[in-house]
Colleague: 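The structure follows.
Atoms within each ligand, like the ligands themselves, are counted from 1 in listed order. Any value given below was found using the heavy atoms of this structure, including those in side chains, with hydrogens, waters and symmetry copies removed.
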Amino acid sequence: MSMGGPGMGRGGRGFMSEEEKANAPKITWPLVKRVLSYLKPYWKQMILVLAAIVLSSVFNLMPSVLTGRIIDEGLIGRNMNALVRLILLSLGVTLGANLIGVLESYLNTWIAQHITFDMRNQMYRHLQKMSQRFFTTSNQGDIITRMTSDIDGVRQVITNTFTSILSNVITLIVALVAMYQKNWILATIGIIIVPLFTLPTRAAGKTRWQLTREAQECNDEINGILNETMSVSGQTLVKLFCMEDREYKKYEDVNTKMIKLYIRESMAGRWFRVVITTVASIGPMLLYLVGGILIMKYDSSLSVGDITVLVALLGRMYGPVNSLLNIQVDWLRAMAMFTRIFEYFDMPVEIEDQKNPVRLYSPKGNITFDHVFFQYEPDRMILKDISFTLRSGNSVAIVGPSGSGKSTMINLIPRLYDVTGGCVKFDGVDVRKLGLKQLRENVGIVTQETYLFNGTIRENLLYAKPDAKEEELIEACKKANIHDFILRQPQGYDTVVGNRGLKLSGGEKQRLSIARILLKDPSVMIFDEATASLDSISENAIQEAIDPLIESRTSILIAHRLSTILAADEILVLKDGEIVERGTHENLVRLGGVYTELYNTQFKKALEAEVKD
Ligand code: ATP
């Protein structure tokens, strides 16, 4: 939010958009109390800021008052001594006001930065606790906006709005008291004309603000285009569909619209200044005129210096009056920003960690699904009455048509989602009763979509075990069949994998994530086999990596290849969220049901392809 001149910046002083008006928060005492709770830890510094604001506002007005004495006592009174003394005093006061101003802005920035620091950290911690559901349903841009712009808005509110309200009120009070001391008639004229003359400012500001808003909408549109087309996948799409020209045209059009708006806005600003300066100069002239009449016609005791002081003080009142006229909007906008942030803070944590979790002393990795039901959305059951037990050391393969709920099933084990009925047990204990940390340390998942950070291979591996020794890394990579590949890279383990690991092939990424899980060394390994077909060399490399793992570890495999399925001790066949068949390959093939069909349509083909290669 901008606290610059009238009508500047995104917020546009003094004006609220229809949207803002519609979403204006209800200012309640609990809301104010909550905002204040963020300021509370810094109350000592705030008292200092208050004192600094009061002092600097008073000091700032003093030279205007002293000018009157310089004129009356020094110049008109022809008193050299007094003249020099008053000039020095005036300079000293100005210097003092500025020095206090420095202290004030330091303290102010310090407080605002610390408050937003607290908020950002609190928000990050809170968001980390949010469930998978939150991240799959909310807009990523929205999350980032709240973390950045909204919190930054709060910082500006603290540094600008709060302090400006305070210093404006003090300046006005001091100026008014000083004016009334000089002459009540002129002071009253001042009080009447200042608000009147701020009206044209508001009108001009509003036009400008509307233009700024339109320009900003264009800007958002441009950012949207950039976001979509300048990403790796966006560019791939553009290139493959030969949409370069169309995208360029779209970009150019918005860009043209934007520059036109910005130029208009800038010129509106220029006209606006003409209006302000002309209008603002009427005030002093009126005071000179009325002052002159009072002195000449009514023999008032007013001195020339007094009139000069009154004019100077009047000049100092425009800014504060203008700001204070906007207080309500500033205040509402600030509260709206806090409300938006609090909305995020108030989102319930769906996957709650146990306060007093059951602690397993030597986790074995027995997994039980006990009549599990699950739904993502209220009216669609995804998993229906799933029951099975996987004993430590054994492996189970889950097969089934796409969309039957295989990935959903494994998401329930490390509690990425919680069951809606029944329960999932780890070593006989409901996973909801275990500590999240212990549970997740004991469950390792190699997903279809392998996520790698934009860092080196080593950094990506160390994510699983930050203190792993070099030998451990190498051993894990050898087991995952990726070590030789890494050595062939120019920088070996220090090769950068690119944005989300895009510099690596699908198979390489998956082997790297197998190595990462091996380093983590969980008691249960879950492997979501990629449906996307890899070339047979990559497939073999992955197969060679996982086969021994299946043999030696408790594992759950979402399998698409016959060789993986055959390596498992039991096969569960899932269809529409239900286990429809279970057993060994030989038995299931003979049944002539869903498995037989999958075997004929899917696995056999893959097998034939393997044999051919
Ligand atoms: P595939 O073999 O294609 O990976 P799958 O058997 O693993 O499929 P799931 O990913 O578990 O299937 O999806 C089961 C069903 O749940 C699908 O119909 C899907 O549309 C739905 N689904 C998956 N994730 C979500 C979600 N986050 N929100 C709502 N519905 C979802």
Colleague: Specify side chain, backbone, both or neither for R133, according to which of its non-hydrogen atoms lie closer than 4.0 Å to ligand 1.
Modeller: neither
Colleague: Taking the side chain as everything from C-beta on, heavy atoms only, tell me whether Y493 gets closer than 4.5 Å to L461.
Modeller: yes
Colleague: Show your reasoning for whether salt bridge (Lys or Arg N to Asp or Glu O under 4.0 Å) applies to K250 and E247.
Modeller: CA-CA 5 Å; K250 214 159 90 186; E247 291 298 338; 3.7 Å; yes
Colleague: Identify, with sequence neighbours excluded, every residue that meets salt bridge (charged side-chain N to carboxylate O under 4.0 Å, His left out) alongside E350.
Modeller: R133
Colleague: At a 4.0 Å threshold, what atoms of ligand 1 neighbour a non-hydrogen atom of E377?
Modeller: 29 (C)
Colleague: Quick one: does Q132 get within less than 4.0 Å of ligand 1, heavy atoms only?
Modeller: no
Colleague: Between the candidates S402, G577, P401, G405, which shows the shortest non-hydrogen contact distance to atom 3 (O) of ligand 1?
Modeller: S402
Colleague: Please could you name the atoms of ligand 1 that T408 approaches to less than 4.0 Å, counting only its heavy atoms?
Modeller: 9 (P), 11 (O), 13 (O), 14 (C)
Colleague: Any donor-acceptor pair under 3.5 Å linking the side chain of E581 with the backbone of Y595?
Modeller: yes
Colleague: Hey, which atoms in ligand 1 end up nearer than 4.0 Å to a heavy atom of S404?
Modeller: 6 (O), 12 (O)
Colleague: Near Y417, which atoms of ligand 1 are under 4.0 Å from a heavy atom of that residue?
Modeller: 27 (N)
Colleague: Which residues pass the salt bridge (charged side-chain N to carboxylate O under 4.0 Å, His left out) test with R440, sequence neighbours left out?
Modeller: none
Colleague: Do D528 and T447 get their side chains close enough for a donor-acceptor pair, meaning under 3.5 Å?
Modeller: no
